[in-house]
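First the structure, in the form of structure tokens, and then the observations on it.
In what follows, every heavy atom counts, from backbone to side chain, and hydrogens, waters and symmetry copies are set aside.
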Amino acid sequence: MWRGRVGALLRVWVFWPTGVPRRRLLSCDAASQAGSNSPHCWNCGGPWDPGRENRFFCPQCRALQAPDPTRDYFSLMDCNRSFRVDTAKLQHRYQQLQRLVHPDFFSQRSQTEKDFSEKHSTLVNDAYKTLLAPLSRGLYLLKLHGIEIPERTDYEMDRQFLMEIMEINEKLAEAESEAAMKEIESIVKAKQKEFTDNVSSAFEQVLAPLRK
């Protein structure tokens with residue numbers, strides 16, 4: 001029952017005027033295409049432990065290594081596995097990682113490092129976009145716990161919710177002053193907070209038994 005509720009609540013965002021559009025769920029195995037999961041540096045052959053804090057460069061020769069296929073998006077972006085994400089912290093982490101691995105910084109390096117930087121940068125972009133949007137973040141979180149909801153799963157939309165959307169759209173179309181726009185903005189923000197709280201509660205109900 002709770003799994004169905006999580007799915008329905010997540011898909012509410014698709015219909016929300018200021019929400020996130022429907023998009024393909026990004027695979028948590030995206031990094032698996034980046035190369036070998038060898039514990040040794042490809043350049044100098046020295047030991048390289050991707051489990052340590054510095055997961056990007058060889059500690060001996062400082063060569064950029066292949067993306068770690070064991071890291072999920074939450075780990076990569078230094079976020080807790082939760083529906084609630086600090087978006088300011090997420091953006092800061094995104095910028096931090098791109099300063100480390102963006103291809104622009106590897107134009108004078110070996111072709112291997114150029115290829116790895118492309119893969120790292122793409123992975124960071126995918127992780128950021130997935131965790132930034134509530135819909136894709138929620139679906140990705142469910143997938144990490146073995147729960148997948150097909151994109152076009154049919155569900156019954158609450159009539160009252162649809163009526164609320166229609167009323168807000170009508171107010172938006174009729175708004176003729178800044179005060180009216182601010183009032184509509186306040187209503188939308190309140191509704192978004194309500195949905196976020198409901199989804200977070202549903203996630204806790206679904207995922208709590210899986211964490212034990």
Side-chain angles (χ1 to χ4, degrees), residues 10 13-14 16 18-151 192 196:
L10 282 173
W13 294 91
V14 179
W16 196 248
T18 58
V20 180
R22 186 184 298 275
R23 56 170 292 170
R24 178 177 60 86
L25 179 63
L26 295 168
S27 171
C28 60
D29 295 323
S32 64
Q33 303 300 319
S36 171
N37 189 27
S38 170
H40 293 85
C41 172
W42 64 269
N43 185 51
C44 70
W48 174 68
D49 182 3
R52 292 184 179 277
E53 182 178 354
N54 188 347
R55 298 171 182 242
F56 300 98
F57 300 92
C58 170
Q60 282 80 32
C61 68
R62 298 299 298 167
L64 182 66
Q65 304 297 299
D68 179 3
T70 66
R71 298 190 78 174
D72 60 65
Y73 289 170
F74 287 96
S75 173
L76 177 63
M77 304 308 291
D78 194 24
C79 297
N80 293 328
R81 280 195 183 187
S82 170
F83 181 73
R84 290 188 180 276
V85 168
D86 185 334
T87 55
K89 179 181 176 182
L90 179 66
Q91 183 176 23
H92 176 74
R93 174 66 171 172
Y94 169 74
Q95 295 170 343
Q96 179 188 52
L97 291 180
Q98 288 293 19
R99 284 195 292 268
L100 285 177
V101 301
H102 196 278
D104 287 350
F105 301 121
F106 291 85
S107 60
Q108 303 302 317
R109 305 292 284 270
S110 68
Q111 186 59 47
T112 299
E113 287 181 280
K114 289 179 182 178
D115 292 341
F116 286 161
S117 70
E118 289 278 359
K119 292 171 182 177
H120 273 294
S121 184
T122 298
L123 184 60
V124 169
N125 280 331
D126 288 346
Y128 176 69
K129 291 176 182 177
T130 299
L131 299 188
L132 183 64
L135 175 60
S136 56
R137 182 198 314 146
L139 293 176
Y140 182 73
L141 181 59
L142 288 176
K143 185 172 183 178
L144 288 180
H145 289 275
I147 304 172
E148 294 196 52
I149 302 175
E151 282 196 23
Q192 287 180 325
T196 298

TODO: Check for a donor-acceptor pair, side chain of R109 on one end and backbone N or O of K114 on the other, with a separation under 3.5 Å.
DONE: no

Task: Separation between OG1 of T130 and CG of L141, rounded to the nearest 0.5 Å - done: 12.0 Å

TODO: May I have all residue pairs that pass salt bridge (charged side-chain N to carboxylate O under 4.0 Å, His left out) and include part of residues 85-99, sequence neighbours excluded?
DONE: none

- [ ] Grab the two heavy atoms, one from P103 and one from S117, that are nearest each other, plus how far apart they are.
- [x] CA-OG, 3.6 Å

TODO: With the side chain counted from C-beta on, respond yes when F74 and L144 share a heavy-atom pair under 4.5 Å apart, and no when they do not.
DONE: yes

Open item on the list: If the condition is ring-ring contact (aromatic ring centres under 6.0 Å, His included), which residues does F106 pass it with, not counting sequence neighbours?
Closed with: none

Open item on the list: So, using side-chain hydrogen bond (donor to acceptor under 3.5 Å, both in side chains) as the criterion, who are the partners of Y94 when residues are at least two apart?
Closed with: N125

- [ ] Under the side-chain hydrogen bond (donor to acceptor under 3.5 Å, both in side chains) rule, collect the residues that match up with T122, sequence neighbours excluded.
- [x] none

Task: Distance in Å, C79 SG paired with R84 CZ, rounded so as to fall on 0.5 Å steps - done: 14.5 Å

Open item on the list: Set out, in order, the CA-CA distance, both residues' side-chain angles and the distance that settles side chain to side chain contact (heavy atoms under 4.5 Å, CB included) for V85 and M77, then state yes or no.
Closed with: CA-CA 10 Å; V85 168; M77 304 308 291; over 6 Å; no

TODO: List in chain and number order the residues that pass side-chain hydrogen bond (donor to acceptor under 3.5 Å, both in side chains) with Q108, two or more places apart in sequence or in another chain; answer none if no residue qualifies.
DONE: none

TODO: Taking all non-hydrogen atoms of both residues into account, name the closest pair between Q65 and F57 and its distance.
DONE: CG-C, 4.2 Å

Open item on the list: I need the minimum non-hydrogen distance between H120 and F56, along with the two atoms involved.
Closed with: CE1-CD2, 3.4 Å

TODO: Can you see which heavy atom on S121 is nearest to which on V101, and at what distance?
DONE: N-CG2, 4.1 Å

- [ ] Decide side chain to side chain contact (heavy atoms under 4.5 Å, CB included) for V124 and L100; before the verdict, give the C-alpha distance in whole Å, the side-chain angles of both, and the deciding distance to 0.1 Å.
- [x] CA-CA 11 Å; V124 169; L100 285 177; over 6 Å; no

Open item on the list: Which residues pass the side-chain hydrogen bond (donor to acceptor under 3.5 Å, both in side chains) test with T87, not counting sequence neighbours?
Closed with: none

TODO: Measure up the Y73 and Y140 rings against each other and bin them: parallel (under 30°), tilted (30 to 60°), perpendicular (over 60°).
DONE: parallel

Open item on the list: Return the NE2 to CG distance between H92 and L97, rounded to the nearest 0.5 Å.
Closed with: 9.5 Å

- [ ] Begin from the C-alpha positions of L139 and K143 and carry the test side chain to side chain contact (heavy atoms under 4.5 Å, CB included) through to its verdict.
- [x] CA-CA 6 Å; L139 293 176; K143 185 172 183 178; over 6 Å; no

- [ ] Give a yes or no on whether H102 atom NE2 has more than 12 heavy-atom contacts from other residues, nucleotides or ligands under 6.0 Å away.
- [x] yes

TODO: Quick one: closest heavy-atom pair of C44 and C41, and the distance?
DONE: N-SG, 3.4 Å

- [ ] Might you point out which heavy atoms bring W42 and A63 nearest each other, and give the distance in Å?
- [x] CZ2-CB, 3.9 Å

Task: Q98 side-chain N/O to Q96 backbone N/O, donor-acceptor pair under 3.5 Å - done: no

